[in-house]
Every structure is written in structure tokens, then in C-alpha cells.
Number of protein chains: 2
Amino acid sequence: MALSRSALMKRPPASAPVFKDRILMGHCVSQMEALPEASVDVIFADPPYNLQLGGDLHRPDQSKVDAVDDAWDQFESFQAYDAFTRAWLLAARRVLKPNGTIWVIGSYHNIFRVGASLQDLGYWILNDVVWRKSNPMPNFRGRRFQNAHETMIWASRDQNAKGYTFNYDSMKAANDDVQMRSDWLFPICTGGERLKDKAGQKLHPTQKPEALIARVLLASTKPGDVVLDPFFGTGTTGAVARRLGRHFVGIERDPAYIAAAEQRIAAVERLPEESLLIATGKRAEPRVPFASLIEAGLIAPGARLTDAGRRHVAQVRADGTVAVGGEVASIHRVGAKVQGLSACNGWTFWHVEAEGVLTPIDELRRLVREKMALRGVVS
Amino acid sequence: MALSRSALMKRPPASAPVFKDRILMGHCVSQMEALPEASVDVIFADPPYNLQLGGDLHRPDQSKVDAVDDAWDQFESFQAYDAFTRAWLLAARRVLKPNGTIWVIGSYHNIFRVGASLQDLGYWILNDVVWRKSNPMPNFRGRRFQNAHETMIWASRDQNAKGYTFNYDSMKAANDDVQMRSDWLFPICTGGERLKDKAGQKLHPTQKPEALIARVLLASTKPGDVVLDPFFGTGTTGAVARRLGRHFVGIERDPAYIAAAEQRIAAVERLPEESLLIATGKRAEPRVPFASLIEAGLIAPGARLTDAGRRHVAQVRADGTVAVGGEVASIHRVGAKVQGLSACNGWTFWHVEAEGVLTPIDELRRLVREKMALRGVVS
DNA sequence: AAGTATGTTGAATCAGCCC
DNA sequence: GGGGCTGATTCAACATACT
């Protein structure tokens, strides 16, 4: 057999476009419609905010605030903005893999409409995440609270999609060993990170900080995943994806932005492989049937298991089940039964006694796993 | 002014609308329709969130989470929820004075629909304000980010209403003389503040902390103003309004909640005029994720950490974990591992080397904290 | 009395795999 | 695709009991 199955599968069909690590010029809806169905793992979208600014805004010293007044941010009405939102969210959903997820960032001007459209189209919200800006623009007129945050919505493609990527252990380890919360603190994009034109003016009005996108991708993608950004702008998503060993697809209408993004991304170096590994917890450990402990000779059929308080005793049977009284079932079922609970982790509940010392059977499982790793059974 | 229980229950005569400091029993829409037009200064609304919970949820210790499964939170569809939302927002808008404002609190389950409806009905959003919970419930299954905040929308009755109340200087003074931001940190309502029944069970499943409502009223009302709460529950809004010298109108369907609210409010003493400023409590030391050091550029992915004696070396990964040998985990876990201990403070154990000098990463954490303090984002 | 250990609880859309 | 089994998963406050 000359060609392995995996080799065959890796080759893209001749008809499918090679679209990874490319910027597609054009409107986001038509460009997404041209992409293969179910082909991207994550979408990060920073759509127009539909800012409705009245007149010009001036600082207390009378200098004019450089507002977002680009043509692409103007919509005639909420209805027009909704129609646009639904169109691109629909096209995005087709491109997303069944277990893919989407992130959309916005402010109070547009995020409520985006969130409602997401729900209407069948997406299932997983979290809303607040980007707390450590250095937001002040409210110059003193008529409102300082607008110090933006909102990101993280949603799966379908309500019942349970297999989406969330690097829980990685996030927790990076956050002092407590769960990562839904409010994140980052500075806005300034200084050397902010792209400027030759005149020293900012190239894009709403360039997002790379740190923000980095946490998004580290949380919800694996190395090698494909990340689509339908409002690519100057390519922050592409730059971060490349640095983190993810593939990107960008869609952008403005050739000037595309040129800036290409130059920017080309200068990005991918981090070395070993810096990109993701912390994994117990969930990623290989399964070990309890019977393996018997087969490995670590526990003999007929041996007695007890809980830490020696209140319950179970007898090990040759087939990997255990018995308490007339009850014969798995270590988990029996552990639950004797405690009157609906569930129980038998690995941590049951112990074996040797010379008066109790050892949790989870310790024996660890030994089995070590052996498996040595034999190369487990990659 | 003494409030008797019978006085609280008295319905206002239709001819002379004396409706201040009363709880009206009934459905919020019909009760609001019976109120005079343009008669209240501020509305604070905590509507049903339309949580769509699946099965039971258990904590890791097998205890069952007491879910919000009350009938009033059940809606057949998003469409049904939208119809309900539009109905009460419409009735609320009629009751609101032209320069009045409305606050609505919600979570990602409902807040996007509320926000879109507000905009559709002609309200004008002034801010969205994030309530950051200092002690939120964890995500027990580790499948998402910890849901650590709720969102409040603050809106004026009309786009062109410029005369709404915003106590800018009061807010700024209460916030160490920097503008009050749109993200507020408060603990959830527990302990002595949480109303309990005779059996010691919580009286209401979603009682809000008084401190949160107090900041809302101190920001957007003047003493003597009338505050309407169409989902009065156990009367947090009424209690805070009375304490702060504002009038309230409550609407509530459940007689048991009304009885509890009456008793609660009757026990509240109005604060003396001069003491109506909020006290701000800052946490001792803000938590800094190790990942923040990477995001701040103080440590690069791939950098090497060593202990003070240079006996151990760990490599920093892009996701905020570190690695020694095959072990990938937090700075704390890896520090414990290499020393053969069960625990370790990674902040003081690990160092970075620059020009031959070892610096504990705790020093870098200190720098991050200083920056945060300078920007006023600690609290 | 002061500190330590243990138990309880909160607006929650909270599994993955094999057969 | 459905059914069944395995076995992984929590943070900050507050309350209570005990040393």
C-alpha cells in the first residue's frame, strides 16, 4: 500500500481553494460564501460598530477628537445594521466547523444587536467576555461614565455542540491556578504596536491590542487551527495567529489595509513549537480500565478495597468489577452506591491496604500509565 | 416619616396620583399603564433573565446547585421573551419623565435582547455598565470562563434628552478623584444582607446587593426623585431609595415578596443629607495573572525562569504556563514539582536573569500592579 | 478569646467516549 | 445517532464547631 489513508486525506480536493494564511480582498459576505463549508475552527470578528456620533467631539482644551467616522461605519438605521449583521453571521456560520466557535467584539452601540442576531441564527452563547481597558479615553464632557470596556461574545455554532475547544487548564494555570474569569484587563493598542502611516497618523481607527487576541486564540484554538477574520483591517488576528502557530484567513475590502497587514504579518516570527504546547489536565490523560490493574498484577482478584475512612469494603472480582454486599458493578457505581450518591470517582474513593498503609487506587492507575508511556503505547 | 404596612399597600386613587413609596401588587405592564404619564425620574429594572438551564448541575463535591428554576423565568422562545420585553419597556417609557433614565440589569442570556429592544423603542443608550462580581460562582465543569459579571444598560428616554441627571462630580469624588468607569466591582448579596425565611433559606433567588443599587441611584438621581422598580422582588431598590432620601414605586406580583419588602423597607432609616456619598472599598492587592507579564511584554514566550540557586530551569510558554521536562503547568505547580513539594509560591520562587542578575518575577508583578494603580483600574 | 478546620452557598444556558 | 458508562470538575464569603 503506497499511500496511507492519512496522506490521502491531507491532500485538499482539486476543486477546493487553498485559502490558509491568505488575505482575501472583497466584501466579507461574498468572500465567505466562496469558502468551503465547515472549514474553519474559529472566527474572530471585529465588525463596524455603527457608531452614531452627533457632531464633532472636542477635548477640554478644544482639540478635536479623531472620531471613527469612516464610511464603513455608517448605517442608515438599526434595521440596515441588523440586515448587514445577519448576512455576515449567516455566511460565517456556514464556514464554521460543527464544533467551531465564534468571537465578536463590540461596544454598546452594536453589541446588543449582534448578540440578539447570534441567538436568532442558532448560535449558542458560551460567555460574554468584558475587555476592561486599563487606559481608556476619558469622557470629555463629564456627562456619562467613562466608557472603559468593550464586550466580546463567544458562541458555539449550535446549542448542542459540546466538543468545542476550550483550553481550560491552560487558562487556569496562566491565572494563578484559579479559573479565568469573564473580565479581562488589557491596555488599548498604543505606542510601538499601533500601526502608523508615513505622516505618523494611525493607520486604522480601531486597531485591537495583540494581547487581547492572543488570549482569545490561546483559550479557544489549538496549534494548527484555522482562524477566520472577516473584518481583517490591518491584520492583528493574522499576526497573532501566525505568532501562535495558528493559520489565518483574512477578508478585507481596503487595499491599503491589506498592504499594511501583509507587511506586518510577514515580519512576524512563529514562536518555537515547545512554547506553543497547551497545558492539559487529567481530562487529557489516557483512559485506564480498572481491569488493567488486575491484568498488570497490581491488584489480585479477591483483594479488598476500602474508602479512606475504612467505612466501606469492596471485593475485587476477576472481571474488573467490584462487589459490596450483593451489589456488583464498576468501582464508580459501587462507590456511589455505598455513599448514597448519584456519582463517584472510584479512582480516588477506593484504596488498597498494604502493611497498614492505605493507597488510593488512583496511584496504581498512575503506575499503569507510566508503563504505557514507556512502552510507547501512549504518544 | 413613618411607614405603616397598611400605608404601603394602599392603591393610589386614579384622580390624585399619590403613588410615592408604595408597592403595587400586580403585573408590571398593567400597573405601569395605571400610573400617570411622565411621572418618574428613574426606572431600575431587574427583569427575568430567561435562563435556559438543562439538567441538574452538581459541584465537584456532588452537592446540587440550587438553580433559578422559578416559573417567572420560563419563556417559550426568544420571540416570547422579546414580546414581553417590548411590552414592559414600552409601558416604562410612557411613565418616564422626558429627562428620565432607565437602568436594566441582565446577563448574556437576555441582555442583548433587552438592549436591542431599548434601541428599537427609541431609548438612547448612555452607557453599558459591567458589574464585576468579586465572588462569583465558579464554572464547576471547567467548560467555559467563570461567568463573573452582569451587565447593566443605562439609557435616556430619547436620543435628544440632554437634561438627564448624572452626578459626575459626586461619582468622580467617590472614585479617588478620577472619572467613574463603566466597570464596577461589588460582591454578590450574601451574609446578613441576604433575606432568609424562617427555615434559613434564601427568600428570593436573585436578590441584588444594595451597594450596586446605591451607586446607580447616587449616579443618576437627586434626593427627592422618584425611582420606579417594575420587578420589585424583595424591595432592594425601595430600601436603598429610602435610605438615600429618594422616593420609590415598586411593582410586584408575589404577595410573599411584597410582605418581605414592606418589612424590610420599614426598618430602613434615611441617611443624613451629608452622608450620601458612597464609600469605595479597594481590595488589598489585585490578582495578577502570570499571563499578564507576558502580555505586558515583561517576559517573552520561550524565556527561561530559574530559582534563586539556579538549580532548576523552566521555560515560559505563550499561554502563560511554564515547562520543566515534560511537565507543563502553572508557575506554582511546576515550582512545587521540581522541589518535590506539594505547594510553592511561583511568584517568589522563580526568577528571570538579565545581565547576570536574577530578579524574582514577583518584582515584575509589582510593576504590573503599579501600572494598574496608576491607571485607577484596581478597584 | 482567638485561631483553625470544616461545611455551605451563589442568576449556570457546565461531558466525552464507546458501542 | 441514541444509550450507557466512565470519571472529571470549584472560588470567595460566610457560618459553625472545635482547639
Side-chain angles (χ1 to χ4, degrees), chain A residues 99 119 123-128 155-156 159-164 166 168-169 172 175-182 280-290 320-321 329-333 335-336 341-350 361-362 365, chain B residues 46-70 72-75 78 105-111 131 133-151 187-194 196 200-202 204-209 231 233 283 287:
Chain A
N99 276 326
Q119 292 177 315
Y123 290 98
W124 194 246
I125 298 180
L126 300 170
N127 279 114
D128 59 335
S156 59
Q159 175 171 357
N160 299 319
K162 305 289 185 192
Y164 59 86
F166 178 55
Y168 174 79
D169 297 291
K172 182 173 175 178
N175 192 38
D176 244 10
D177 288 326
V178 293
Q179 298 187 333
M180 188 67 81
R181 295 168 46 109
S182 56
T280 56
K282 291 185 194 169
R283 260 188 289 243
E285 294 285 310
R287 296 259 170 143
V288 175
F290 178 65
T321 59
S330 71
I331 50 173
H332 312 294
R333 296 273 117 245
L341 297 173
S342 61
C344 164
N345 185 339
W347 291 109
T348 51
F349 179 72
W350 295 112
I361 60 175
D362 202 28
R365 178 170 66 161
Chain B
D46 183 8
Y49 285 10
N50 189 26
L51 299 185
Q52 295 159 55
L53 306 177
D56 289 343
L57 179 65
H58 292 88
R59 298 184 181 82
D61 66 1
Q62 305 287 348
S63 63
K64 186 164 170 260
V65 175
D66 185 15
V68 177
D69 53 1
D70 306 67
W72 49 255
D73 200 47
Q74 309 296 321
F75 292 83
F78 283 130
I105 185 168
S107 65
Y108 66 84
H109 309 86
N110 72 320
I111 198 65
W131 169 26
K133 303 181 185 183
S134 59
N135 50 350
M137 181 158 46
N139 184 290
F140 293 116
R141 301 298 291 262
R143 294 296 300 146
R144 304 180 177 188
F145 298 100
Q146 182 184 30
N147 193 5
H149 75 276
E150 293 188 23
T151 301
I188 61 175
C189 182
T190 59
E193 189 185 326
R194 188 87 194 215
K196 306 272 172 61
Q201 298 300 302
K202 60 187 175 195
H204 193 283
T206 70
Q207 187 181 339
K208 296 293 178 287
F231 306 96
R283 286 198 297 168
R287 183 185 296 282

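Naming: A, B, ... by sequence-line order, numbering from 1 per chain.
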Just N and O in the side chain of [X]: are any of them under 4.0 Å from OP1 or OP2 of [N]?
X: B/Arg143; N: C/dA12; answer: no
X: A/Tyr168; N: D/dT10; answer: yes
X: A/His332; N: D/dG7; answer: yes
X: A/Ser330; N: D/dT6; answer: yes

[X] side-chain proximity, nearest of [options]:
X: A/Lys282; options: D/dA8, C/dG16, C/dC14; value: D/dA8
X: B/Asn139; options: D/dT10, C/dC14, D/dA8; value: C/dC14
X: B/Thr206; options: C/dA11, C/dG16, D/dG7; value: C/dA11
X: B/Trp72; options: C/dA11, D/dA13, C/dA12; value: C/dA11
X: B/Asp61; options: D/dT10, D/dA8, C/dG10; value: D/dT10
X: B/Pro138; options: C/dC14, D/dC11, C/dA11; value: D/dC11
X: A/Gln179; options: D/dT10, C/dC14, C/dA12; value: D/dT10
X: B/Phe140; options: D/dC11, C/dA11, D/dT6; value: D/dC11
X: A/Arg365; options: C/dG10, D/dA13, D/dA8; value: D/dA8
X: B/Asn147; options: D/dT10, C/dA11, C/dA12; value: C/dA12

### Query
If each of B/Arg59 and A/Arg287 is mapped to the nucleotide of DNA chain D with the nearest heavy atom, which maps nearer the 5' terminus, i.e. the 5' end?
A/Arg287
### Task
Using heavy atoms to find the nearest nucleotide of DNA chain D for A/Val178 and A/Arg333 separately, return the residue whose nucleotide is more 5′.
A/Arg333
### Query
Are the side chain of B/Arg287 and the backbone of A/Asn175 linked by a donor-acceptor contact shorter than 3.5 Å?
no
### Query
Any donor-acceptor pair under 3.5 Å linking the side chain of A/Trp347 with the backbone of A/Arg365?
no
### Query
In Å and rounded to the nearest 0.5 Å, what is the CG to CE distance from B/Asn139 to B/Met137?
9.5 Å
### Query
Which value, rounded to the nearest 0.5 Å, describes the distance between A/Lys162 atom NZ and A/Asn99 atom CG?
11.0 Å
### Query
Expressed as a whole number of Å, how far does the C1' atom of C/dC14 sit from that of C/dG10?
15 Å
### C1' spacing across the pair D/dT19 / C/dA1, given as an integer number of angstrom
12 Å
What integer distance in Å separates [X]:[atom1] from [N]:[atom2]?
X: A/Asn127; N: C/dA12; atom1: CG; atom2: P; value: 13 Å
X: B/Arg194; N: D/dA13; atom1: CZ; atom2: P; value: 16 Å
X: A/Met180; N: D/dT9; atom1: CE; atom2: C1'; value: 18 Å
X: B/Gln62; N: D/dG7; atom1: CD; atom2: P; value: 15 Å
X: B/Asn135; N: C/dT9; atom1: CG; atom2: C1'; value: 10 Å
X: B/Lys64; N: C/dA12; atom1: NZ; atom2: P; value: 13 Å
X: A/Trp347; N: D/dC5; atom1: CH2; atom2: C1'; value: 14 Å
X: A/Ile361; N: D/dT6; atom1: CD1; atom2: C1'; value: 13 Å

Between [X] and [Y], what is the shortest heavy-atom contact and its length?
X: B/Phe231; Y: B/Pro48; result: CE2-CD, 3.9 Å
X: B/Lys202; Y: B/Arg194; result: CD-NH2, 3.7 Å
X: B/Gly106; Y: B/Glu150; result: O-CB, 3.6 Å

Please work out if [X] contacts a base, only the sugar-phosphate, or nothing of the nucleic acid, heavy-atom cut-off 4.0 Å.
X: B/Gly55; value: base
X: B/Ser107; value: nothing
X: A/Thr348; value: nothing
X: B/Pro209; value: nothing
X: B/Cys189; value: nothing
X: A/Asp128; value: nothing
X: B/Lys196; value: nothing
X: A/Pro289; value: nothing
X: A/Arg181; value: nothing
X: A/Ile125; value: base

### Task
Go through the side-chain N and O atoms of A/Ser330 and A/His332 and say whether any donor and acceptor fall under 3.5 Å apart.
no
### Task
May I ask you to decide whether A/Lys172 forms a salt bridge with A/Asp169, counting only side-chain N to carboxylate O separations under 4.0 Å?
no
### Message
I want to check something: taking the side chain as every heavy atom from C-beta on, are B/Pro205 and B/Trp72 in contact at a cut-off of under 4.5 Å?
### Response
yes
### Task
May I ask you to test the B/Asp61-B/Phe140 pair for a side-chain heavy-atom distance under 4.5 Å?
no
### Message
Ignoring hydrogens and geometry beyond distance, is the side chain of B/Arg141 in donor-acceptor contact with the base of C/dG16 at under 3.5 Å?
### Response
no
### Message
Taking donor-acceptor contacts at under 3.5 Å, does the side chain of B/Lys133 reach the base of C/dA11?
### Response
no
### Message
Can you list every stem that DNA chain C is part of, counting only runs of 3 or more consecutive Watson-Crick or G-U wobble pairs with both distances under 3.5 Å?
### Response
C:2-10 with D:11-19, C:15-19 with D:2-6
